[in-house]
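Shown next, in structure tokens, is the structure this report addresses.
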Amino acid sequence: MSATPAPTNFIRRQIDADLAAGRHDRVVTRFPPEPNGYLHIGHAKSMWLNFGIADDYGGCCTLRFDDTNPAREDAEFAAAIEEDIRWLGYRWSGIAFASDYFEQLYACAVELIEKGLAYVDSQNADDIRAGRGTLTRPGVDSPYRGRPAAENLALFEGMKDGRYRDGEMVLRAKIDMASPNLNLRDPVLYRIRRHRHQRTGDQWCIYPLYDFAHGQSDAIEGVTHSLCTLEFEDHRPLYEWFLDRLTLAKARRPRQIEFSRLNLNYTVMSKRSLSQLVEGGDVSGWDDPRMPTLRGLRRRGFTPASIRRFISLVGITRKANVIEMGQLENCVREHLEPVAPRVMAVIEPLKLVIENYPPGRTETIDAPNHPAEPGMGARPVTLSRELYIERDDFMENPPNKFLRLAPGREVRLRYAFLIRCTGVVRDAKGRAVELRCQYDPDTRHGGGRKTGIIHWVNAGDAVAAEVRLYDRLLSRADPPAGKDADFRQFLNPRSLVVRRHALLEASLAEPEPGVRYQFERLGYFFPDADSGPGKLVFNRIVTLRDSWAKIDRQRAAGG
RNA sequence: UGGGGGAUCGUCUAGUGGUAGGACAGCGGACUCUGACUCCGCCGGCGGGGGUUCGAAUCCCUCUCCCCCAGCCA
């Protein structure tokens, strides 16, 4: 067992310094999703950080929904988010909504107006955009920038009271239209939006924007460290600009610290891209087992612990990164290997008849549920004259290192005896449909491993099932990312392979709820939500490491 | 080409003037009734160039490359 790396990072060091300097005497963080979609594994990084830090420092972490844009948000998303957070294993110390603070935020806006730091702009969106300038050219002042405070106050109140049309005017901070930081070029604080809000209903027709709501919400909640992703770095001066000027919680200001977001290769992570997959029908929904959403990972069979472990391994820095999917896969293998009960299942069955095994006879084998954990017990497995093996475990003209079955070759049936292939029954097209074998009863407890070992199921009592084999969503590790880039052309056509005629050993007729099984030699599997009485559907969470596949690939590549 | 960030093995990450370490991947081997697991070994890195210093991934200068920002989204 390797030593767990010390869970330190630049953020924790900053917190240590803040505590040492007496800037704060406790630690308060928050996890602030917008309830406009489902959580994905990138959010897991934020949760790991925010909840983890609060926990380790004896502080608290609230769940705060950033619900400042009623046009995009709804209560169903909020409920789904809560469910996903709990599933991942995190518990919030309190729950809040930015909309809880609408009244206070409004008061903050009034305070800014009174101080001459905000004004109502009657330009339309296009004019505001034009006036903002560009990356290299400064903006120009709005013709309404000089409105006296009293007029702004009256206008803003009118906005609140619904006396103007949507988009007719906005409230802007009066900062600096020539700032090299575009966020400081008189950012919009409030817009008029007549849209029923999931929580406040029709009480408001003006809504604050993120930049104005977030920092103040942090301050109201007593957040000490506001952790967010790197793209908000340029917003920090604005975050602080408000805090510097508002009477709200001036003494103990939250500190915003940014870290880089999580990226995984062979998939996409942005809400935009994920929506495209769902809307384009490329996946079955937000919980499709191929999706990097928490719901997708959950349905696939990933464990919360493996995801948390993954995040802890990946670490927290400010560097752009793309983590290898293999890292995540390894984490779930690492979790499941010592705990997953072993069973035998044949995904693509090929019939096998043991010619010298008496018809009608059966025997029962006690197969251990785990090779290294006797405490996990054993289950009975039936063996008889007719079995099914994996089609891949037979090859007519095997290459050198093929340790499986082939005409004339010998192999061990897992937990049973050696068999030798003595004949192949073929269909009209010459495809093998049945193997004839002879077994050697004296090899039942043979020691040492001299042949290959293959798994099998008994024809008489095997259970039918559908098995869904998942692979990476995309065929390309680094798909095009931009707004107009079409990553969908790189969808992996084999990201889902359905095997409808799999056969499982009889013990799997009623899978234990919540248990991830290892199908020996194949991978880890979990019952899909589509499973029901009389219909078994298993998802492959991840394959086992497979050095034969590697040899095979090399052979194919090298000729 | 304005501003803000970032560059350490293939990938992620530790390091904060004193032997560049870990994880994953890869390669080789041992073990094995899972080509699994486990174990052992190997491979492989400080973006480039200067400077300071007894000593630099770390400090200074310079160059290069990468990411983010022009929503009344978050």
Side-chain angles (χ1 to χ4, degrees), chain A residues 2-3 5-6 8-9 13 32-34 36 66 68-69 71-73 121 123-125 128-130 132-139 166-167 169-172 179-185 187-193 207 209-211 213-214 228-237 258 260 265 271 313-324 326-331 333-334 337-338 342 344 368 370-372 401-404 412-418 443 445-455 477 518-523 543-552:
Chain A
S2 57
T8 192
N9 54 54
R13 278 191 289 276
E34 182 188 11
N36 72 337
D66 249 331
T68 57
N69 186 352
R72 318 201 313 167
E73 300 147 5
D121 193 341
Q123 295 182 107
N124 63 34
I128 288 178
R129 184 180 312 116
R132 189 155 28 226
T134 68
L135 293 178
T136 51
R137 235 176 283 285
D166 284 20
M169 49 187 70
V170 293
L171 183 71
R172 300 178 74 180
S179 172
N181 181 344
L182 302 234
N183 295 117
L184 264 20
R185 316 241 263 231
V188 174
L189 271 32
Y190 269 90
R191 76 284 222 189
I192 304 171
R193 182 99 95 212
Y207 294 95
L209 277 92
Y210 166 87
D211 281 312
H214 203 88
C228 62
T229 44
L230 240 29
E231 66 269 25
F232 292 104
E233 205 167 5
D234 290 342
H235 296 240
R236 192 181 347 125
E258 311 87 17
S260 52
N265 66 10
K271 198 164 299 180
L313 251 26
V314 156
I316 305 292
T317 66
R318 290 170 69 84
K319 196 185 88 150
N321 61 78
V322 182
I323 316 294
E324 290 177 350
Q327 186 87 242
L328 209 210
E329 293 167 346
N330 185 259
C331 287
R333 286 193 192 104
E334 178 184 75
E337 201 285 328
R342 270 56 169 175
M344 292 198 288
H370 193 287
K401 295 177 198 160
F402 192 72
L403 263 48
R404 309 176 188 180
R412 176 178 290 281
L413 292 177
R414 179 89 165 135
Y415 304 125
F417 30 63
L418 294 174
T443 55
H445 298 289
R449 176 175 182 179
K450 304 176 198 73
T451 68
I453 297 156
I454 63 173
H455 60 278
Q518 186 193 101
F519 289 5
E520 289 203 83
R521 304 209 302 132
L522 297 175
T543 62
L544 257 30
R545 264 207 213 88
D546 186 354
S547 49
W548 165 250
K550 206 166 14 188
I551 293 167
D552 205 32

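Per chain, numbering begins at 1; letters A, B, ... match sequence-line order.
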Distance, [atom1] atom - from [M] to [N], rounded to whole angstrom:
N	M	atom1	answer
rU58(B)	rG15(B)	C1'	8 Å
rC61(B)	rG71(B)	P	35 Å
rC67(B)	rG18(B)	P	33 Å
rC59(B)	rU16(B)	P	11 Å
rC27(B)	rG17(B)	P	39 Å
rA20(B)	rG45(B)	P	13 Å
rG50(B)	rU11(B)	C1'	31 Å
rU13(B)	rG29(B)	C1'	28 Å

May I ask you to say what [X] touches in the nucleic acid, namely base, sugar-phosphate or nothing, with a heavy-atom cut-off under 4.0 Å?
X	result
E324(A)	base
P371(A)	base
I551(A)	base
Q518(A)	base
I323(A)	sugar-phosphate
A416(A)	base
N321(A)	sugar-phosphate
H235(A)	base
R185(A)	nothing
A372(A)	nothing
Y207(A)	nothing
S547(A)	sugar-phosphate
N124(A)	base
R132(A)	sugar-phosphate

[N] phosphate, OP1 or OP2: any side-chain N/O from [X] under 4.0 angstrom?
X	N	value
R72(A)	rA74(B)	no
N330(A)	rA25(B)	yes
R236(A)	rG5(B)	no
T317(A)	rU13(B)	yes
S260(A)	rG6(B)	no
K550(A)	rG26(B)	yes

Between R545(A) and H370(A), just flag the one whose closest nucleotide in RNA chain B comes earlier from the 5' side. H370(A)
Heavy-atom nearest nucleotide on RNA chain B for E337(A) versus Y415(A): which residue maps closer to 5'? Y415(A)
Expressed as a whole number of angstroms, how long is the span from [X]:[atom1] to [N]:[atom2]?
X	N	atom1	atom2	answer
E258(A)	rA74(B)	CD	P	18 Å
R193(A)	rC73(B)	CZ	P	4 Å
Y190(A)	rA74(B)	OH	C1'	16 Å
L544(A)	rU32(B)	CG	C1'	14 Å

Of all the nucleotides listed ([options]), which has the minimum atom distance to the side chain of [X]?
X	options	answer
N181(A)	rG3(B), rA36(B), rU13(B)	rG3(B)
R521(A)	rG6(B), rG71(B), rG35(B)	rG35(B)
L403(A)	rA36(B), rU34(B), rG35(B)	rG35(B)
R13(A)	rU16(B), rG26(B), rC72(B)	rU16(B)
L135(A)	rC72(B), rC69(B), rC27(B)	rC69(B)
K319(A)	rU34(B), rA74(B), rG6(B)	rG6(B)
V170(A)	rC69(B), rC33(B), rC72(B)	rC72(B)
R318(A)	rG35(B), rC68(B), rG5(B)	rG5(B)
I128(A)	rA25(B), rC72(B), rA74(B)	rC72(B)
D234(A)	rG35(B), rG5(B), rC69(B)	rC69(B)

Where is the tightest heavy-atom contact between [X] and [Y], given as atom of each residue plus distance?
X	Y	result
R412(A)	T451(A)	N-OG1, 3.4 Å
N36(A)	R72(A)	ND2-NH2, 3.0 Å
N181(A)	D234(A)	ND2-O, 2.9 Å

Syn or anti: how is rG28(B) classified when any glycosidic angle within 90° of 0 counts as syn? anti
Go through the structure and list residues passing ring pair (Phe, Tyr, Trp, His ring centres under 6.0 Å) with F402(A), not counting sequence neighbours. W548(A)
Applying ring pair (Phe, Tyr, Trp, His ring centres under 6.0 Å), name anything that partners F417(A), two or more places apart in sequence or on another chain. Y439(A)
About how many Å separate [atom2] of [Y] and [atom1] of [X], when rounded to the nearest 0.5 Å?
X	Y	atom1	atom2	answer
L328(A)	R333(A)	CG	CZ	10.5 Å
N183(A)	R236(A)	CG	CZ	12.0 Å
T8(A)	R13(A)	OG1	CZ	4.5 Å

So, does S260(A) use its side chain to make a donor-acceptor pair with the main chain of T317(A) at under 3.5 Å? yes
Does L418(A) offer a backbone N or O that forms a donor-acceptor pair with the side chain of T443(A) under 3.5 Å? yes
Measuring only between side-chain heavy atoms, which start at C-beta, is R172(A) closer than 4.5 Å to Q123(A)? yes
Sort by first number and list every stem of RNA chain B: at least 3 consecutive Watson-Crick or G-U wobble pairs, both distances under 3.5 Å. B:2-7 with B:64-69, B:10-13 with B:21-24, B:26-30 with B:38-42, B:47-51 with B:59-63
Tell me if the side-chain of R137(A) makes a donor-acceptor pair with the base of rG2(B), cut-off 3.5 Å, by modelled atom types. no
Verdict with reasoning, N69(A) to R191(A), per side chain to side chain contact (heavy atoms under 4.5 Å, CB included): CA-CA 10 Å; N69(A) 186 352; R191(A) 76 284 222 189; 3.6 Å; yes
